[in-house]
Chemist: 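There's a structure below that I have some questions on.
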Amino acid sequence: MDTHSPLTCLILSGGNVLCPRQLTSFSAFPVSRQLFLHLHLNIHSSIIEKGLMRMRSGYGMFQQPSAKLRLSPYMRQTITLLKLSTLELLEAIQQEVNKNPVLDYAGGGDFGGLPGGSRALRRAGRDSAAATAGANAADPLLHTAANDRSLERHLSEQLSLLPQAELPPPLPRILRFLIGSLDESGYLTLSVQEAASLLRTAQEAVEAALAVLHKLDPPGVGARSLQECLLLQLSEVQERSRPLAAELIRCHLADIGKRPLPMLAARLRTPPQELQTALNEIKRLHPRPGARFHHAGLTPYIVPEVILEPHDAGIAVYACPAAWPRLSLSRDYERLLHAPAHDEAGAFVQGKWNTARLFLRSLEQRRDTILRVARALAEEQADYLRQGPAGLKPLTLREIADRLGLHESTVSRAVSGKYAQTPWGVKELKSFFASGLQTDVGDTASSASVKAQIQTRILEENYAFPYSDQQLAELLRQEGIRISRRTVAKYREELGIPPSTLRRRL
């Protein structure tokens with residue numbers, strides 16, 4: 001055994017680590033004091049590390065530095081406001097103005113009627129009414145009666161005009177019950193047996209009342225099925241094709257939209273021209289007679305956030321005043337900011353003042369982000385704004401994000417639920433992004449432009465010999481667009497256009 005190695009010294013000592021002080025009793029081993037001290041410290045540190053590892057495997061409390069990303073209240077509020085739609089933003093502004101007296105409403109914003117929940121809104125309502133009273137006095141649209149006639153009211157007024165002889169005592173009560181049981185489309189939601197049981201009357205009386213209801217306007221009201229609704233409307237038609245149309249509704253209603261015209265004519269042993277005349281008569285009927293009375297007086301509309309106007313020099317992009325109300329900080333509360341810190345009113349005003357400033361900054365940041373994205377979209381889709389859907393180019397969120405130095409999620413929030421007023425109507429900003437197809441010249445054509453070409457081709461086709469999906473694909477290939485028959489069928493279905501077998505007419 002080599003007794004001159006440091007390892008031999010540890011073995012001879014029984015496996016114990018010797019401190020440098022013990023070297024005097026082991027002078028037989030020629031080991032330097034520095035070498036032994038180095039070996040001792042290394043072994044001792046390894047033992048401590050293993051012990052700490054065994055200690056850290058259990059439960060305990062430790063302090064260690066870490067880096068985490070935390071959003072400030074301003075950033076959280078900005079992100080929340082950015083993803084809101086226009087109507088949701090106006091509602092959020094109303095709530096903030098109502099609960100924060102420091103905020104003053106200075107005009108703008110299409111709220112559809114301001115609530116009087118705060119002094120600022122009440123004052124704004126009075127000022128706005130006084131300022132616009134003269135201008136609105138001569139507006140004829142403000143004096144137009146609203147269309148608030150419901151289906152129930154429309155039918156009840158007709159009942160009041162019927163002679164009493166046609167309405168024996170049980171019928172008026174039954175008719176009012178049946179009118180109240182109609183759904184939004186004008187269909188009766190219960191059977192004659194159920195109505196008789198609920199009213200505790202005879203079924204014959206309910207059937208008599210239902211016959212009176214079927215004679216009222218609109219035709220087809222009170223029907224219990226689509227077939228009965230169409231037959232009730234057809235009974236008032238004085239046409240030679242009426243018997244054939246009635247037979248189609250009673251026996252072949254499900255086949256009208258599925259079977260080709262020649263096959264259906266052969267099955268009915270009817271000339272195709274007469275069958276086509278009967279089908280045209282059925283198409284004039286309304287499957288939902290009460291739909292025109294649904295939501296009477298309530299006209300939902302979209303408020304665009306930006307306006308895009310093409311000019312010779314370029315595309316003008318600016319914010320729509322109806323979507324951006326003007327808010328300001330109340331100067332009446334500004335003097336209270338200098339109150340002592342221990343004053344309760346001063347602390348309250350200071351907190352509301354800071355909250356209001358944060359809210360206004362978030363609104364301004366939202367406005368700037370949406371306008372930046374809208375300007376970039378207007379520059380990329382200038383042909384679309386000038387030429388219509390045929391000029392829409394393929395565009396992705398990443399392209400706009402890279403151009404503006406934003407994240408894709410930020411661009412997505414800025415266009416989701418936001419609308420722009422364009423020469424072609426109010427369009428969602430998300431519709432400015434479109435996928436593309438390769439062309440023969442190396443460019444790309446957007447899916448929207450391809451759909452527009454497919455729709456134009458179908459509108460110009462011969463109804464007797466409509467284009468099939470394969471023929472439409474070949475026509476588009478002649479124009480340099482590489483598209484398959486399956487893609488044409490997909491776009492046609494998205495446009496709601498039936499296949500060629502169902503488009504054929506005589």
Chemist: Using modelled atom types only, decide if a donor and an acceptor are shared between the side chain of T80 and the backbone of R76 within a distance under 3.5 Å.
Modeler: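 At least one qualifying donor-acceptor pair exists.
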Chemist: For the side chain of E184 and the backbone of G290, is there at least one donor-acceptor N/O pair under 3.5 Å apart?
Modeler: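 No, E184 side chain to G290 backbone: no donor-acceptor pair under 3.5 Å.
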Chemist: Could you tell me whether K99 and E96 make a salt bridge, using a distance below 4.0 angstrom between a side-chain N and a carboxylate O?
Modeler: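 Result for this pair is yes, salt bridge flagged.
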Chemist: Measure the CZ-CH2 distance between R367 and W324 for me, rounded to the nearest 0.5 Å.
Modeler: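 The CH2 atom of W324 is 7.0 Å from CZ of R367, to the nearest 0.5 Å.
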Chemist: Does R292 pair with D217 as a salt bridge, N-O distance under 4.0 Å?
Modeler: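 Salt bridge flag = yes for D217 with R292.
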Chemist: Does L472 offer a backbone N or O that forms a donor-acceptor pair with the side chain of R485 under 3.5 Å?
Modeler: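 Answer holds: no.
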Chemist: Measuring only between side-chain heavy atoms, which start at C-beta, is L253 closer than 4.5 Å to L230?
Modeler: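 With C-beta onward as the side chain, the pair touches.
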Chemist: Look at the side chain of Q203 and the backbone N and O of A196, then say whether any donor-acceptor pair between them is shorter than 3.5 Å.
Modeler: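 It does not hold such a pair.
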Chemist: To the nearest 0.5 Å, what is the distance between CG on L210 and CG on L175?
Modeler: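 CG of L175 is found 8.5 Å from CG of L210.
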Chemist: Quick one, I400 and L406 - any side-chain contact, counting heavy atoms below 4.5 Å?
Modeler: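 Counting from C-beta outward, I400 and L406 never come under 4.5 Å.
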Chemist: Is the side chain of T369 donor-acceptor paired with the backbone N or O of Q365 at a distance under 3.5 Å, no angle test?
Modeler: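 Judged by distance alone, yes, a pair lies under 3.5 Å.
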Chemist: Can you find a pair of side-chain heavy atoms, one from P304 and one from K427, that are under 4.5 Å apart?
Modeler: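 SC-SC contact between P304 and K427 ruled out.
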Chemist: Is R457 salt-bridged to E461, cutoff N-O under 4.0 Å?
Modeler: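 Judged by the 4.0 Å cut-off on N to carboxylate O distance, R457 and E461 do not form a salt bridge.
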Chemist: Please tell me if the side chains of L360 and L103 come closer than 4.5 Å, counting only heavy atoms from C-beta onward.
Modeler: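 In short, these two side chains touch, coming nearer than 4.5 Å.
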Chemist: What residues form a side-chain hydrogen bond (donor to acceptor under 3.5 Å, both in side chains) with T270, not counting sequence neighbours?
Modeler: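 For T270, no residue satisfies side-chain hydrogen bond (donor to acceptor under 3.5 Å, both in side chains) once neighbours in sequence are set aside.
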Chemist: Using a strict threshold of under 4.0 Å (side-chain N to carboxylate O), is an ion pair present between R284 and E281?
Modeler: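 Result for this pair is yes, salt bridge flagged.
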Chemist: Taking the side chain from E364 and the backbone from R361, do they hold a donor-acceptor pair closer than 3.5 Å?
Modeler: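 Here the side-chain-to-backbone pair does not exist.
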Chemist: Indicate yes or no for a side-chain donor-acceptor contact from Q158 to the backbone of L216 under 3.5 Å, with no hydrogens or angles considered.
Modeler: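 Pair absent, no side-chain N/O of Q158 close to backbone of L216.
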Chemist: Can you confirm whether L308 sits close enough to F432 that some side-chain heavy atom of one is under 4.5 Å from a side-chain heavy atom of the other?
Modeler: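 Heavy-atom side-chain distance check passes, below 4.5 Å.
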Chemist: Rounded at 0.5 Å granularity, tell me how far OG1 in T456 sits from NZ in K451.
Modeler: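 The distance works out to 14.0 Å.
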Chemist: Under 3.5 Å, is there a donor-acceptor pair between the side chain of K393 and the main chain of E380?
Modeler: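 Yes; at least one donor-acceptor contact below 3.5 Å.
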Chemist: Between the side chain of S416 and the main-chain N/O of R413, is any donor-acceptor distance below 3.5 Å?
Modeler: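 Not confirmed, S416 side chain does not pair with R413 backbone.
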Chemist: Under a plain distance cut-off of 3.5 Å, with no hydrogens placed, do Y105 and Q94 share a side-chain donor-acceptor pair?
Modeler: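 The criterion, which ignores hydrogens and geometry beyond distance, is not satisfied for Y105 and Q94.
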Chemist: For E305, which of Q421, K418, R366 qualifies under side chain to side chain donor-acceptor pair (under 3.5 Å)?
Modeler: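 Looking at Q421, K418, R366, the match for E305 under the side chain to side chain donor-acceptor pair (under 3.5 Å) is R366.
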Chemist: Just wondering, do I307 and V317 contact through their side chains at under 4.5 Å, heavy atoms?
Modeler: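 Heavy-atom side-chain distance check fails, nothing below 4.5 Å.
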Chemist: Would the distance check show the side chain of T422 and the main-chain N or O of W424 forming a donor-acceptor pair, the cut-off being under 3.5 Å?
Modeler: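 Flag set: sc T422 to bb W424 pair under 3.5 Å.
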